[in-house]
Peer 1: 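Questions regarding the structure given below will be posed in turn.
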Amino acid sequence: MRLLYSIGIQFLDIAIKIMALFNSKLKLGVNGRKNTFLTLKRNIQPTDKTFWFHCASLGEYEQGLPVFDALKQKYPDYKVVLSFFSPSGYEVRKNSKIADVVVYLPIDTIKNAKAFLDVVNPDFTIFIKYEIWPNFLNEIKKRNFNAILVSAVFRKSQSFFKWYGKFMKSALEGFNYIFTQDSNSQRLLKSININNVSVSGDTRFDRVYNQLSLDNTVPFIETFKNNETCVVLGSTWPADDKLYLDFINCSKDNTKYIIAPHNIKPNYITSLRSQIKKDVVCFSNMKGKDLSAFKVFILDTIGYLSKVYAYADIAYVGGAAGTTGLHNILEPATFGIPIIIGKNYSKFPEAKTLINIGGVLSVASSKAFEKSLQAYISNETLREEKGILNKAFVEENKGAVTQILNRIRI
């Protein structure tokens, strides 16, 4: 199986390089990996004490950040190497303050794993959620390095739990300890004799709860809102646009709308703006304008959304109207506001729970969206009741970081 995996990973590397000729995002990753070892050698000395934090992409980075922050504060003398597999993580967080060096993870070959670990030589390693790279983890195991997996989720259908999954199971043995989000994942691991495991919950709860202690002031949003009821539509995709655009265009009240699209490329923003009949302004062209005079604000930039939710009276979180995947509903939930999402949320347990308790509404059509949003806009008491449910859910489920830190020994 190891041989088949190694062959497969080599073919994957070739395939990615070919596809990168036609895909700008993949090209970023291919070019970035060319510089990984040079960047590491320039910034890591053999005498350095190091932590290695690895995330697939931006979502996993946000999930791991509260743990990363806590370790950075507790052990300030350690250099931090932060690696990403996806450009959507690296390109956004390549200047992350928690890291001394940020790189792309090399393709998971035995040669790359040995070379990477030779340079980084981590005193402690954290992988987040789904990141199981067998060659890296088997090399970590051989060297007796200290590594943990955080906020992990496992399903019975995965290869670890099949008769042919011995090779992938051996990769899990590269972790000294695994912290899972739920008890089902813990049971599955124990069924294959992975016993150094406990249920800590999801570190994203700690991440979003910590947002409340930060300064969430965004002056230009405050000016735009102008003390009116405000709906924030976060991380939206074209499938989400089909749900909300008619409502915004036909709305006759004083409600303000902030749209934060997932795709902020100029062509898409121009198209989106052209479909809005209300007075609309974008972040990119707001300078010199009286923002309070506009009804719609398009946030065509990154880095503000988690703070902007603090100004929302109601939130719509994108991704579930189509098949791209629901974005983080915990970010608005922590601010105690009601949330609306699309219909495709079955893979997101927090969405299921919040729908069951009433803090989140799922809609399948523009008519359902209109009905749900209008009910919230016209009833402040209803908004408060549903928002309290969401805020309480976040508060009740925080604490994963404390459990993890209590088990870490460096």
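Model, not experiment: these values are computed from the prediction.
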Peer 1: Once you round to the nearest 0.5 Å, how far does CD1 of Ile98 lie from NZ of Lys72?
Peer 2: 7.5 Å

Peer 1: At their closest point, which heavy atom of Pro106 faces which heavy atom of Thr36, and how far apart are they?
Peer 2: CG-CG2, 4.0 Å

Peer 1: Quick one: closest heavy-atom pair of Arg409 and Leu405, and the distance?
Peer 2: NH1-O, 4.4 Å

Peer 1: A side-chain contact here means heavy atoms from C-beta on lying under 4.5 Å apart; do Phe160 and Ile132 qualify?
Peer 2: yes

Peer 1: Answer yes or no on whether Arg33 is positioned over the face of Phe85, meaning its NZ or CZ is under 6.0 Å from the six-membered ring centre and within 45° of the axis.
Peer 2: yes

Peer 1: Strictly below 4.0 Å, N to O, side chains only: are Asp202 and Lys398 in salt-bridge contact?
Peer 2: no

Peer 1: If we count only N and O atoms by modelled type, under 3.5 Å, do the side chains of Asp241 and Gln275 hold a donor and an acceptor together?
Peer 2: no

Peer 1: Looking at Phe116 versus Phe136, is the centre-to-centre ring distance below 6.0 Å?
Peer 2: yes

Peer 1: Can you tell me which residue among Phe220, Tyr311, Tyr309 is in a ring-ring contact (aromatic ring centres under 6.0 Å, His included) with Tyr304?
Peer 2: Phe220

Peer 1: How far does OH of Tyr61 sit from OG of Ser57, to the nearest 0.5 angstrom?
Peer 2: 12.5 Å

Peer 1: Flag the pair Glu173 and Lys141 as a salt bridge only when some basic side-chain nitrogen lies within less than 4.0 angstrom of an acidic carboxylate oxygen.
Peer 2: yes

Peer 1: Does some side-chain heavy atom of Leu137 sit less than 4.5 Å from a side-chain heavy atom of Leu172?
Peer 2: no

Peer 1: Hey, are Glu62 and Arg207 close enough for a salt bridge, meaning a charged N less than 4.0 Å from a carboxylate O?
Peer 2: yes

Peer 1: Quick one: do the Asp182 and Ser185 side chains pair a donor with an acceptor below 3.5 Å?
Peer 2: yes

Peer 1: Between Glu350 and Arg204 (salt bridge meaning N to carboxylate O under 4.0 Å), is one present in this structure?
Peer 2: yes

Peer 1: Counting C-beta onward and ignoring hydrogens, is there a side-chain heavy-atom pair between Ile339 and Asn390 closer than 4.5 Å?
Peer 2: yes

Peer 1: To the nearest 0.5 Å, how far apart are CH2 in Trp133 and CG in Leu105?
Peer 2: 7.0 Å

Peer 1: Validate the cation-pi geometry between Lys352 and Tyr345: distance from NZ or CZ to the six-membered ring centre under 6.0 Å, angle to the ring axis within 45°.
Peer 2: no

Peer 1: Checking side-chain polar atoms at under 3.5 Å, does Ser366 have a donor or acceptor matched by the opposite partner on Asp246?
Peer 2: no

Peer 1: Between Phe179 and Ile148, which heavy-atom pair has the shortest distance, and what is it?
Peer 2: CE1-CD1, 3.9 Å

Peer 1: Quick one: do Asp118 and Lys114 make a salt bridge, cutoff under 4.0 Å?
Peer 2: no

Peer 1: Sub-3.5 Å donor-acceptor pair from the side chain of Thr334 to the main-chain atoms of Leu330, do we have one?
Peer 2: no

Peer 1: Is any side-chain heavy atom of Ser235 closer than 4.5 Å to a side-chain heavy atom of Leu305?
Peer 2: yes

Peer 1: Please tell me whether Phe175 and Phe127 form a close aromatic pair, meaning their ring centres lie under 6.0 Å apart.
Peer 2: yes

Peer 1: Looking only at heavy atoms, which two atoms of Val363 and Ser372 are closest? And how far apart?
Peer 2: CG1-OG, 3.6 Å

Peer 1: Tell me the side-chain hydrogen bond (donor to acceptor under 3.5 Å, both in side chains) pairs involving residues 73-87, sequence neighbours left out?
Peer 2: Asp48-Lys79, Trp52-Ser83, His54-Ser83, Ser86-Ser88

Peer 1: Do the ring centers of Tyr257 and Phe297 come within less than 6.0 Å of each other?
Peer 2: no

Peer 1: Which word best sums up how the rings of Trp237 and His262 line up, parallel for under 30°, tilted for 30 to 60°, or perpendicular for over 60°?
Peer 2: parallel

Peer 1: Nearest 0.5 Å, what's the CG-NZ distance between Asn344 and Lys347?
Peer 2: 10.0 Å

Peer 1: With Arg273, which of Val296, Val281, Ile298, Ile259 fulfils side chain to side chain contact (heavy atoms under 4.5 Å, CB included)?
Peer 2: Ile298

Peer 1: If only side-chain N and O atoms count, and only distance matters, is there a donor-acceptor pair under 3.5 Å linking Thr109 with Asn112?
Peer 2: yes

Peer 1: Between Ser292 and Thr223, is any side-chain donor less than 3.5 angstrom from a side-chain acceptor?
Peer 2: no

Peer 1: With a 4.5 Å cut-off on side-chain heavy atoms, are Ile194 and Leu188 touching?
Peer 2: no

Peer 1: Using ring-ring contact (aromatic ring centres under 6.0 Å, His included) as the criterion, list what pairs up with Phe145, not counting sequence neighbours.
Peer 2: none

Peer 1: In terms of relative ring orientation, are Phe167 and Tyr5 parallel, tilted or perpendicular, with 30° and 60° separating the classes?
Peer 2: tilted

Peer 1: Counting C-beta onward and ignoring hydrogens, is there a side-chain heavy-atom pair between Val317 and Pro332 closer than 4.5 Å?
Peer 2: yes

